[in-house]
There are 2 protein chains.
Amino acid sequence: MTRPRSRRGGGRPTIADVARKAGVGAITVSRALREPGRVSEDLRRQIQAAVDELGYVPDPNARALASARAEVFGVLVPSLTNNVFAEVVRGIYDSLSDSPFRIQLGNTHYSGLEEERLLQVFALQRPAALIVAGIDQTPLSRKLLETTGCPVVQVMETGPDPVDMLVGFSHFDGGRTATEHLIETGYRRIGFIGARMDPRSQRRLAGYRAAMQAAGLFDPRLITTTPLLSSVTLGRELLRDALAKMPSLDGVFCNNDDIALGVLFECHRAAIAVPETIGIVGFNDLDMMQAAFPSVTSVRTHRYEIGRQAVAMALAAIAGQRPQQRVVDLGFELIRRESTAR
Amino acid sequence: MTRPRSRRGGGRPTIADVARKAGVGAITVSRALREPGRVSEDLRRQIQAAVDELGYVPDPNARALASARAEVFGVLVPSLTNNVFAEVVRGIYDSLSDSPFRIQLGNTHYSGLEEERLLQVFALQRPAALIVAGIDQTPLSRKLLETTGCPVVQVMETGPDPVDMLVGFSHFDGGRTATEHLIETGYRRIGFIGARMDPRSQRRLAGYRAAMQAAGLFDPRLITTTPLLSSVTLGRELLRDALAKMPSLDGVFCNNDDIALGVLFECHRAAIAVPETIGIVGFNDLDMMQAAFPSVTSVRTHRYEIGRQAVAMALAAIAGQRPQQRVVDLGFELIRRESTAR
DNA sequence: AAAAGATGTGGTAGCGCTACCACAAATGGC
DNA sequence: GCCATTTGTGGTAGCGCTACCACATCTTTT
């Protein structure tokens, strides 16, 4: 009475079909596919022939259920549209496209609570690895990360105390380097302009502050920030605010390149000469910084590489070869351009 | 000898635990969670109490295996970093965040072959719905989409013959409207500048051509394109190329806003007055078009809304209420700004 | 040469859930 | 009051795969 099979399934060949055709046990097929080294040359060839002939592809859901481990990388970023994180995701995606691993993407919207919620949801799937942006997880998030039992890579920053592995660069140093460059170029009343002051922006601000204080130039009225989401339009408004507060401003270090572009446009509008009257430095070095007129000095960060490196480390850990260097600093690079060339 | 349970699983409560605690059969728990209407009020409450107490959450993998249907939306876009598609994905993500559905993202890199490959991989998971960008699938891709047995939404365009459902707008009309605006404003030697000429860009170009021909202004030498990936830097180069070919150029319709921004910067560099000497129109209306100086006229498209609408239609179809209107045109809007205000 | 280990293969028993069917109880029609 | 229907619930049997153990067969050790 039991109908042969594929009562519910779409009639796709299963591992049992392959086993029958190859004249071996199902488990041997399973092994031949996952750990070819543990199956004899002969059988492996037979099995491969049967797989090819039937067009067999393992069912990822059955695999996940049986092995209590899904071939999924959980990826948590604060924004899907911010080009910076889009680049990181692209790096992750590209590095994973030849592997059996899929990506489960989560958008935290810069919210620690949302991150907690997503981490809980992700944990249900027993992912093979987790990649999360930042190092400022809530205590609960941190505990969740520590107890998932899978490799965890925090990305975008460096820091002393990773949950597991860490790939990024120092935002503090980036901010300081950018500011020092302005100082060295001869600017004195250098403002900081920033939107959406997330922890990374805060550290860039701290770097700015350190540089300014070291040069004896620090003045809190030089800082203009807002919690609003960053945009080019906002950059324009913030420069107006900054100039209203401090008309003698002669340079700005911008939180990111969108803001820097807005600042540049506002200078055009107000007929403020760049770099003569005001120098501008951005952060991240998006393509448009090079193309702008005048071109804009920026701190180049290696977002795509961060994604790739994170995957490389996670894959190594999955393969049992956890890299001895668990914190990788990919650094940054100050790209000097016309906006500070006076 | 059989150890109680959770030999491999991480000891998470299962549906059987809930059933035991609530004093009902496992299947009733399953039903209470999925189709509450089919379980009596009493049991439903009892079961809910047990679920809450144990902190039970269904295992998505087991579910997918048993029901031969994963709670996953497959989403295929040509680029992860292009802001346009990032916005669509964000709309999809936001609309799905309160549902049990996860997102499986695929990046086709503007390649039909890659799209085919990804579609085959996605089909293995028996997704609940598929959302794909564009209407120019290869014949094989189209067949795969038709035979998956799940709702399919094509997005970003309109067209006569959707696989299933379709949400977008007419790129042809967008290109024509932009060009007509330039013509009406008094520009005559209007160029088309475009990078990465994917099918949507081709249709915008066709719209441009139609408008130019209707006005008796068309000249093939006014068209400057490249298959290279679009960027602000490329916009600058392409304007230089266009001007070299056609020094009398007095307007440009740009394929997208990145190109338009590059064109604007090149005008600055070459001291070409905008809008007096050259008028510029972009496409998509990214935030920076409004903030630019001069601000840039652009064709606003509703990317985020496209994502939301696509999910709404897919969810309706999953619920058995396929919308009678299977093609939704969300239109576009010409935003007139300084770059064409002469 | 016997003992101890390594190697390769297969059988069994689930992983956690839902489809399918069975069946009791409640409802409705005449 | 009987039969037909509806409603609610549960048992059974998988979904397709892999962990675990068993067990031959082949090596290596002493």
Side-chain angles (χ1 to χ4, degrees), chain A residues 1-20 22-47 51 54-71 100 124-126 128, chain B residues 1-20 22-47 51 54-71 100 124-126 128:
Chain A
M1 193 56 221
T2 59
R3 245 155 302 162
R5 96 192 139 70
S6 80
R7 183 169 45 106
R8 306 185 283 199
R12 262 197 357 234
T14 72
I15 202 168
D17 299 325
V18 176
R20 208 171 306 123
V24 299
I27 198 69
T28 306
V29 175
S30 176
R31 265 196 290 258
L33 262 32
R34 291 177 301 137
E35 320 167 80
R38 296 172 56 78
V39 174
S40 69
E41 179 63 27
D42 272 15
L43 286 192
R44 215 186 313 154
R45 256 204 307 274
Q46 258 169 269
I47 290 169
V51 165
L54 294 171
Y56 168 74
V57 187
D59 180 326
N61 297 121
R63 244 185 198 180
L65 181 58
S67 66
R69 191 50 86 195
E71 288 178 327
L124 294 178
Q125 298 188 59
R126 307 177 173 289
Chain B
M1 195 56 220
T2 58
R3 246 153 301 163
R5 93 189 143 72
S6 80
R7 184 166 46 105
R8 304 187 283 198
R12 259 191 7 228
T14 73
I15 202 167
D17 299 325
V18 177
R20 209 171 306 124
V24 299
I27 204 71
T28 307
V29 175
S30 175
R31 265 195 293 257
L33 262 31
R34 290 177 302 137
E35 321 167 80
R38 295 172 55 79
V39 174
S40 71
E41 180 63 26
D42 271 15
L43 287 193
R44 215 186 313 156
R45 256 203 308 274
Q46 258 169 267
I47 290 169
V51 165
L54 294 171
Y56 169 74
V57 186
D59 180 324
N61 296 122
R63 241 182 200 182
L65 181 59
S67 66
R69 189 51 85 197
E71 288 179 326
L124 294 178
Q125 299 188 59
R126 306 179 173 289

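Chain A is the first sequence line, chain B the second, and so forth, proteins listed ahead of strands; every chain is numbered from 1.
Note: CG (N61(A)) to C1' (dG16(C)) measures 12 Å, nearest angstrom. Between Q125(B) atom CD and dC15(D) atom C1' there is a gap of 16 Å when expressed in whole angstrom units. Going from atom CZ of R44(A) over to atom P of dT7(C) covers 14 Å, rounded to whole Å. The nearest whole Å value for the distance from the CG atom in D59(A) to the C1' atom in dC17(C) is 14 Å. Counting to the nearest Å, the C1' atom of dC17(C) and the CZ atom of R126(A) are 15 Å from each other. R38(B) places its CZ atom 11 Å from the P atom of dA19(C), with the value rounded to the nearest Å. Separating the CD1 atom of I15(B) from the P atom of dC17(C) is a distance of 5 Å, rounded to the nearest angstrom. Protein atom CG of L65(B) is 12 Å distant from nucleotide atom C1' of dG14(C), rounded to whole Å.
Residues satisfying the salt bridge (Lys or Arg N to Asp or Glu O under 4.0 Å) test with R63(B), not counting sequence neighbours, are E71(B). R34(A) meets the salt bridge (Lys or Arg N to Asp or Glu O under 4.0 Å) test with no other residue; sequence neighbours excluded. Residues forming a salt bridge (Lys or Arg N to Asp or Glu O under 4.0 Å) with R69(A) (at least two apart in sequence, or on another chain): none. In this structure, the salt bridge (Lys or Arg N to Asp or Glu O under 4.0 Å) partners of R44(B), at least two apart in sequence or on a different chain, are E41(B). Applying the side-chain contact (heavy atoms from CB on, under 4.5 Å) criterion to I27(B), with sequence neighbours excluded, gives R31(B).
Distance from the side chain of Y56(B) is smallest to dC17(C) among dT9(C), dC17(C), dC17(D). For A62(B), the listed nucleotide lying nearest its side chain is dC17(C); candidates were dT9(D), dC17(D), dC17(C). Taking only side-chain atoms of A66(A), from C-beta outward, the nucleotide of dT9(C), dA19(C), dG16(D) with the closest atom is dG16(D).
Between R12(B) and dG16(C) there is no side-chain N or O to OP1 or OP2 distance below 4.0 Å. Not one side-chain nitrogen or oxygen of R63(A) sits closer than 4.0 Å to the OP1 or OP2 atom of dG16(D). Within the structure, a side-chain polar atom (N or O) of S40(B) is placed less than 4.0 Å from OP1 or OP2 of dT9(D).
The stretch residues 23-37 of chain A comes close to DNA chain C through V24(A), G25(A), I27(A), T28(A), R31(A), each having a heavy atom under 4.0 Å from the strand.
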Item to check | D59(A) and Q125(B): CA distance, side-chain angles, deciding distance, side chain to side chain contact (heavy atoms under 4.5 Å, CB included) verdict | outcome: CA-CA 7 Å; D59(A) 180 326; Q125(B) 299 188 59; over 6 Å; no
Checklist entry - Going through the checks in order, is the side chain to side chain contact (heavy atoms under 4.5 Å, CB included) test met by I15(A) and Y56(A)? => result CA-CA 8 Å; I15(A) 202 168; Y56(A) 168 74; 3.7 Å; yes
